[in-house]
Amino acid sequence: MTEPTVFTTYRITRPAADRLLFLFHGWSSEQHHLAAYVPLIDPDGRYTAVCPRAPHDLPEGDGASWYDRVDGEPVADSFQSAVDRVADLIDHEMAASGIGPEHTVVGGFSQGGFVALALALRVGAPRFAGVWAMCCAMPEMAGSQLDVSPGSGGGRPALVQVGELDTIMPPERGRAAAAQLRAAGWNVTERGYPMAHTQHLEMMADARTWLAP
């Protein structure tokens, strides 16, 4: 196995954990963003959380981006590079911990949600235990090879959460992603919240319930 790209990563290692949870932040945020919710969504410490920082630092602040954009749209090659690099990181973490994909969940918010869905759906992807997508849509960039064929989900759980007041990522796009996942055989939990492009405690409480089984 080749060494993965070195990410700045915030880890929450739980001594009794037998599962991995990868969380990918949104545009202009950083590795601590979603990590702050881990004690709420996993109060029993069943997961070790791995929260990498996106590779492209933004000049206007402390945040980062997972991929380049032109006129607000993802650059396909840059997006695919991010997915490939994160996939290598996940492979390395699973090998080092001895925890396989069947006990590994990938999730993310906004840009990070696109990355999480691409990781779970790309052709030949490990069969992760679940995928959690917050305020995002299906990653259908040019060149993306997604397996959404009937039955490909195999009944695995997916959590799709949208903001009903979100003007950056309209809820219809998240619901369309949920419908595609459902048609591919994923066991989809779909939730909408009276919020814009953000997170709040109700959605994290729902995530805690979803992660619990």
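Residue A54 comes nearest to A64 through the heavy atom pair O-CB, 3.5 Å, listed as atom of the first residue, atom of the second, then distance. Scanning both residues, G100 and T104, for their nearest heavy atoms gives O-OG1, 2.9 Å. Summarising the geometry of A177 relative to A137, their closest heavy-atom pair is CB-C, 4.1 Å, with the distance given to 0.1 Å. Nearest heavy atoms, A118 versus P139: N-CG, 3.7 Å. The shortest heavy-atom contact between Y47 and A17 is C-CB, 3.6 Å. For the pair S65 and L58, the tightest heavy-atom approach, listed with the atom from each and the gap, is CB-CD2, 4.0 Å.
R208 CZ to D42 CG: the interatomic distance, rounded to the nearest 0.5 Å, is 10.5 Å. Between the CE atom of M203 and the CG atom of L159 there is a distance of 8.0 Å, given to the nearest 0.5 Å. Between the CG atom in L89 and the CG atom in D84 there is a gap of 12.5 Å [rounded to 0.5 Å]. How far NE2 of H56 is from OG of S78: 4.0 Å, rounded to the nearest 0.5 Å. We find the SG-CG distance between C51 and L23 to be 4.5 Å, quoted to the nearest 0.5 Å.
Both the sub-6.0 Å distance and the 45° axial angle are satisfied by R69 relative to the ring of W27.
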Pair V50, T9 - check side-chain contact (heavy atoms from CB on, under 4.5 Å), show working. CA-CA 7 Å; V50 181; T9 302; 3.6 Å; yes
Walk me through whether V106 and I90 qualify under side-chain contact (heavy atoms from CB on, under 4.5 Å). CA-CA 9 Å; V106 293; I90 293 175; 3.9 Å; yes
Can you list the steps and then say if Q180 with E140 is a side-chain contact (heavy atoms from CB on, under 4.5 Å)? CA-CA 12 Å; Q180 285 183 266; E140 296 174 317; 3.2 Å; yes
Go through the steps to decide whether H33 and Y10 satisfy the test side-chain contact (heavy atoms from CB on, under 4.5 Å), and finish with yes or no. CA-CA 10 Å; H33 178 204; Y10 186 79; over 6 Å; no
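We find that E93 and R11 are joined by a salt bridge, their nearest charged nitrogen and carboxylate oxygen being less than 4.0 Å apart. Comment: D44 does not engage R14 in a salt bridge, judged by the lack of any side-chain N to carboxylate O separation of less than 4.0 angstrom.
In this structure, T8 and P52 have side chains that are not in contact, with every pair of non-hydrogen atoms separated by 4.5 Å or more. Two residues are said to be in side-chain contact when any heavy atoms from C-beta on lie closer than 4.5 Å; L146 and L117 fail this criterion. Side-chain atoms of M204 and Q199, non-hydrogen and from C-beta on, do get closer than 4.5 Å to each other. Under the 4.5 Å side-chain criterion, counting only non-hydrogen atoms from C-beta, V105 is in contact with L211.
Applying the side chain to side chain contact (heavy atoms under 4.5 Å, CB included) test to S97 and every residue at least two apart in sequence or in another chain returns L20, I99.
Atom OH of Y193 has more than 12 heavy atoms from other residues, nucleotides or ligands within 6.0 Å.
At distances below 3.5 Å, not a single donor-acceptor pair connects side-chain atoms of S81 with backbone N or O atoms of D77. Not a single donor-acceptor pair under 3.5 Å links the side chain of R182 to the backbone N or O of T189. At distances below 3.5 Å, not a single donor-acceptor pair connects side-chain atoms of R19 with backbone N or O atoms of E102. Remark: side-chain polar atoms of T48 are not paired, donor with acceptor, to backbone N or O of T13 under 3.5 angstrom.
Under a hydrophobic clustering in which Ile, Leu, Val, Met, Phe, Trp and Tyr are joined whenever their side-chain heavy atoms come within less than 4.5 Å, directly or via other members, F22 and V38 fall into different clusters. Under the 4.5 Å side-chain contact rule for hydrophobic residues, W186 and W210 do not share a cluster. There is a path of hydrophobic side-chain contacts, each under 4.5 Å, that joins I12 to F109. No continuous path of hydrophobic side-chain contacts links Y37 to F24 [ILVMFWY only; heavy atoms under 4.5 Å]. In the hydrophobic clustering of ILVMFWY residues, with side-chain heavy atoms under 4.5 Å counting as a link, V83 and L21 come out apart.
Checked by atom type, the side-chain pair H25/Q111 shows no donor-acceptor distance below 3.5 Å. H197 and S110 share a side-chain donor-acceptor pair at under 3.5 Å.
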Show which side-chain atoms of residues 119-135 pair as donor or acceptor with protein atoms under 3.5 Å away, not counting sequence neighbours.
unit_1 : atom_1 : unit_2 : atom_2 : d
R127   : NH1    : S152   : O      : 3.4
W132   : NE1    : Q161   : OE1    : 2.7

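Every pair passing salt bridge (Lys or Arg N to Asp or Glu O under 4.0 Å) that includes a residue from residues 164-175 is listed here, sequence neighbours excluded: E164-R175, R175-E190.
Using bins of under 30°, 30° to 60° and over 60° for the plane-to-plane angle, the ring pair W66/F7 lands in the tilted bin.
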